[in-house]
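Below, read A as the first sequence line, B as the second, and so on, with proteins coming before strands; counting in each chain starts at 1.
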Amino acid sequence: MNAFKDAGHLFRLAGVFLAGILLFLVIREFLVPKSFGEYGHYRGAALAEIAARPLHYAGHDTCETCHADVLEKKKDGKHAHVNCETCHGALANHADDPASVTPQKLDTAVLCVRCHEANAAKPRGFPQVVSADHSNGLACDTCHQPHSPAITAGGAK
Amino acid sequence: MQGVEGFMYPNEVELQWSVLIVLYPFLTGLVAGAFILASLERVFNVEAVKPTYRLALLTALAFLLVAPLPLQLHLGHPERSFEMYLTPHSTSAMAMFGFVYLWYLMAVLVLEIWLDYRRDIVVLSQTTTGLTRLIYRALTLGSSNISEHALHIDDRVGWVITLIGIPSAFLLHGYVGFIFGSIKANPWWSTPLMPVVFIFSAMVSGIAAVMLLYMLLTWLRKQTIDMRCVDTIAQYLFYTFLIDFTLEMLDLIHRIYESDESFRSLDFMVHTKLYVSHILVQIILGTITPILLLASTQVLKISDMARKRIYATAGCLTMIGIFAMRWNVVIGGQLFSKSFLGYTTYKMGLVTREGLLTAIVLTLLPLVILWGLVKLLPPWPEKSPAVPGASAAH
């Protein structure tokens, strides 16, 4: 009995710790979203929220419904598998309303080097140039046709 | 590109882990080291270091309170760190570290300090006035029982907590080393020796810090330094330093002999960009010099005054050396390309969120907290308050 009395302060301390843990559990109940852990270590409801966000990309299938001529140019070239919006940017607005939303003309001197500027980290077989030496600031589409970039004997296709 | 030699991958050019991430293991190391020194007295009954027991505990607490701040400043959004506790991620070493930290802070350090100081807190709650009285009264948790039996229970419980605290201190700092050692993509870090090296370097820095603080505070209080105490601490520092240095050399020799594909790149870095901080500051100035200084006090007969000066010099050099070690691990690990073809430069900001000024403030902040703690809970045996009359006994 005396031992319990003399250890009273330890029970008080244990009470403080317990109160702290309980307070934490209550806070946790309010702060952790209900759908957390539904599918993994994230908020399950986030999937539906992300799915409900407006689309920015139309997708190449949509582009090809109107721009069959470009598809024809692309199909045998090195860029056959590069989707339209990779270079032209997100154009869902244009697909929805082609008349009033028109894509901007691209500056190939800036755009092409994003992929084709020489860098030792790129695979050897990937076409790459030191743009300053290669074209001296000249726009790439002066010689290359971006939809099918290889230069043939007859000039740019 | 300025500051870049050879080839760097784009995400390697700028260092992601700044001087604040250097500071973090440095601060936690001091915590673990100071606590282990305090534990020596408690568990192994080393009477000689008793004058530093409480000071070591308060030092550990002051540094532990500041230790997460560099991480908070580095990451931004400090409110998000609470998510670690709300939604624990058991497979992430970094996420689980929050629990290791909390365990060490609450279940070990705060508890041990409270039990050790309880008698003083109760007495002070009865002898002080005003706001300080309120603080002490809150700290008593409403119990003023300081009977002999109650204090005996505190002593026994405190002993058990210290016993649990020693592996906890190893866990705290070993875990920091583990986080670096387990990054397999970085050959400068990825070694299972890393947690062990971190623990021993933590002990070295913590012991040196407590020794310096004890000498400085005793001098400021115009008291006499207990030479038996500092001699014993210096002896521990010497032996721990030898083990730490041996482990680091083992790692180095192993790397040199193994000479894996990263070796040439790392070797070049140590001889160029890291030469000053690694070879000169860490190894020669911060390790070999203090070891030789401490060794001289072990083998030569040196006067008290000279020994004090040697200890102070060795202690300061040790702190510089251990900080350099953290620097070389954290910054060094980011200076070379993982392609082993190039090197970058660390550009430290001055007055930025992760700059030099912030680092200096965060280094000084634990000392300010320690000053407050020492005022609130005096660690000096001769300052232990007397029980005012018999009524205070129950």
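Other residues, nucleotides and ligands contribute more than 12 heavy atoms inside 6.0 Å of the CZ atom of B:Phe7. Counting non-hydrogen atoms of neighbouring residues, nucleotides and ligands closer than 6.0 angstrom, the CZ atom of B:Arg133 exceeds 12 such neighbours. Within a 6.0 Å radius of NE2 in B:His152, no more than 12 heavy atoms belonging to other residues, nucleotides or ligands are found. Atom NZ of B:Lys184 has 12 or fewer heavy atoms from other residues, nucleotides or ligands within 6.0 Å. By the 6.0 Å contact criterion, CD on A:Glu117 is enclosed, its count of non-hydrogen atoms from other residues, nucleotides or ligands being greater than 12. Annotation for B:Asn11: atom CG counts as buried by contact number, over 12 foreign heavy atoms lying within 6.0 Å. Around CZ of A:Arg43, the count of heavy atoms belonging to other residues, nucleotides or ligands within 6.0 Å exceeds 12. Other residues, nucleotides and ligands place no more than 12 heavy atoms under 6.0 Å from the NZ atom of A:Lys78.
Counting heavy-atom pairs closer than 4.5 Å to chain B, the top-ranked of the candidates A:Leu31, A:Leu13, A:Val32 is A:Leu13. No other option in B:Leu141, B:Leu115, B:Leu341, B:Leu151 has as many heavy-atom pairs under 4.5 Å with chain A as B:Leu141.
The distance from the CZ atom of A:Phe36 to the CD atom of B:Glu83 is 8.0 Å, given to the nearest 0.5 Å.
With a 4.5 Å cut-off on non-hydrogen atoms, A:Leu25 does not touch chain B at all. With a 4.5 angstrom heavy-atom cutoff, A:His41 touches chain B only via side-chain atoms. In this structure, chain A has no heavy atom under 4.5 Å from any part of B:Ser339. Neither the backbone nor the side chain of B:Met8 comes within contact range of chain A; no heavy atoms are under 4.5 Å apart.
Under the 4.5 Å side-chain criterion, counting only non-hydrogen atoms from C-beta, B:Tyr85 is not in contact with A:Arg28.
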Take B:Leu86 and A:Phe24, measure what side chain to side chain contact (heavy atoms under 4.5 Å, CB included) needs, and give me the verdict at the end.
CA-CA 9 Å; B:Leu86 293 174; A:Phe24 169 75; 4.1 Å; yes
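Side-chain contact annotation: B:Asp154 with A:His9, donor-acceptor N/O pair under 3.5 Å present.
Of all the heavy atoms in A:Asp6 and B:Ala150, the pair that sits closest is O-CB, 3.4 Å.
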